[in-house]
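Here is the structure we will look at.
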Number of protein chains: 2
Amino acid sequence: MKNSINTILKTSQLSVTTNRIKILELFQNSGNALSHADIEKLSGKHFDRVTIYRTLQTFVDKGIIHTIPTADNSIMYALCKEACTSGHHHDDHVHFICEVCGSTYCLDNISLPQVNVPKGFSINQTNILVHGVCKNCK
Amino acid sequence: MKNSINTILKTSQLSVTTNRIKILELFQNSGNALSHADIEKLSGKHFDRVTIYRTLQTFVDKGIIHTIPTADNSIMYALCKEACTSGHHHDDHVHFICEVCGSTYCLDNISLPQVNVPKGFSINQTNILVHGVCKNCK
DNA sequence: ATATATTTTGCAACGCTGTTGCATATTCAT
DNA sequence: ATGAATATGCAACAGCGTTGCAAAATATAT
């Protein structure tokens, strides 16, 4: 586990620091998406707000995590699958937000529906955000 | 035009004020979605920031406008169709954001794709956000 | 039409989120 | 172990959105 985190950082050409290891562990242990505030809480305020912002930004830039737009306008972050590389995200999967427990899921295994747009419009990226109740809360 | 705005406000049980008329006119004239900042600019700073926030919130509560989550986490607002009533929004249409001109379109006429979720998950609301290039910018 | 009650507005102040500059500390490469 | 490069923490700041309250505008009743 620790070793794989090490590998992730090294292949992304990032210094291996306590801080980054800790944040990546939080993502791996959680399984779901996390907000900046989640990380601040989960980490027990051991490191600075600013460091968390910069770390998350770095991870997004390097393709380690991706952002999820939410209806209440809080940014969520989740681990990217292997397909993502620096500067090239492939996160066109469906995001599911549970209205009961608040968890955000990346539904990677679900087929992405075909979205139609009018003539003259071209699609670059599609975000699908589903609100509902997850299997643990029903 | 002015009369229909009057009707919208009255049927929503809201006082008819210069402020609200002006903001509704901005939406009607624009045709596309507007952000708080857009309204502040377009109105020429004639009224207070706070008033705009409160007016938008009131309109959302009354089902006159709806919010659109965006990838860059700026809230956009757009006029609701007739189907929306106070507390019950029906805005499951596709939202399209042009990466060139920045306009946000509500694609009401486009069929909403069927989104599949895993067993045990139930859907309450679906937001589909498409980024690309609109017909005016291609 | 006027007076009264209700609603809306503007102002001031505040909290929260996210950013930047810079000095210090940590990590990396030799 | 040493120096160069990178990451961190602190302080300060900007922007977004909210709240409380007094003044103004609107609606209601007479």
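Below, all heavy atoms of this structure are taken into account, side chains as well, without hydrogens, waters or symmetry copies. Each chain gets a letter, A, B and so on, in the order the sequences are listed, and its residues count up from 1.
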- Note on the structure: Its contact letters, B for base, S for sugar-phosphate only and - for none at protein heavy atoms under 4.0 Å, make nucleotides 14-21 of chain C read ---BBBBB

- Query: Do B/Thr51 side-chain atoms and B/Phe47 backbone N/O form a donor-acceptor pair below 3.5 Å?
  - Reply: no

- Message: Between A/Asn19 and C/dT27, is there a contact of a side-chain N or O with OP1 or OP2 at under 4.0 Å?
- Response: no

- d(CG, A/Asn6; P, C/dT27) in whole Å: 12 Å

- Item | Length of the NE2-P vector between B/His46 and C/dC11, whole Å | 14 Å

- Message: Output the rounded distance in Å from NZ (A/Lys10) to C1' (D/dT6).
- Response: 15 Å

- Note on the structure: To the nearest angstrom, the CD-C1' distance between A/Gln13 and C/dA29 comes to 14 Å

- Calculate the interatomic distance between B/Phe59 atom CZ and C/dT8 atom P; express it in whole Å. 10 Å

- Task: Note the angle between the end axes of the helix from C/dA1-D/dT30 to C/dT30-D/dA1, five pairs defining each, rounded to 10 degrees.
- Result: 40°

- Message: Holding to ring-ring contact (aromatic ring centres under 6.0 Å, His included), I want the full list of residues that pass it with B/Phe27, two or more places apart in sequence or in another chain.
- Response: none

- Listed by chain and number, what are the ring-ring contact (aromatic ring centres under 6.0 Å, His included) partners of A/Tyr77, not counting sequence neighbours? none

- Can the ring centres of A/Tyr105 and A/His95 be said to be less than 6.0 Å apart? no

- Message: Quick check on the hydrophobic clustering: are B/Val50 and B/Ile39 connected, directly or via other members, by side-chain heavy-atom contacts under 4.5 Å?
- Response: no

- Message: Expressed as a whole number of angstroms, how long is the span from A/Arg20:CZ to C/dT26:P?
- Response: 15 Å

- Separation of D/dT8 atom C1' from A/Ile39 atom CD1, nearest Å, is 16 Å

- Rounded to whole angstrom units, what separation is found between the CG atom of A/Asp48 and the P atom of D/dA12? 14 Å

- Which part of the nucleic acid, if any, lies within reach of A/Thr58 when heavy atoms closer than 4.0 Å are counted: base, sugar-phosphate only, or nothing? nothing

- Evaluation steps, side-chain contact (heavy atoms from CB on, under 4.5 Å), between B/Met76 and B/Thr67: CA-CA 6 Å; B/Met76 300 295 292; B/Thr67 60; over 6 Å; no

- So which pairs with a foot in residues 8-17 of chain B pass side-chain hydrogen bond (donor to acceptor under 3.5 Å, both in side chains), sequence neighbours left out? none

- Note on the structure: Between the CG atom in A/Leu26 and the NZ atom in A/Lys22, the distance rounded to the nearest 0.5 Å is 6.0 Å

- Taking only residues two or more places apart in sequence, or in another chain, which ones meet B/Ser35 in a side-chain hydrogen bond (donor to acceptor under 3.5 Å, both in side chains)? B/Asp38

- Presence of B/Thr18 side-chain N/O under 4.0 Å of C/dT9 phosphate oxygens OP1/OP2: no

- Message: So, OP1 or OP2 of C/dT9: does either fall under 4.0 Å of a side-chain N or O from B/Thr17?
- Response: yes

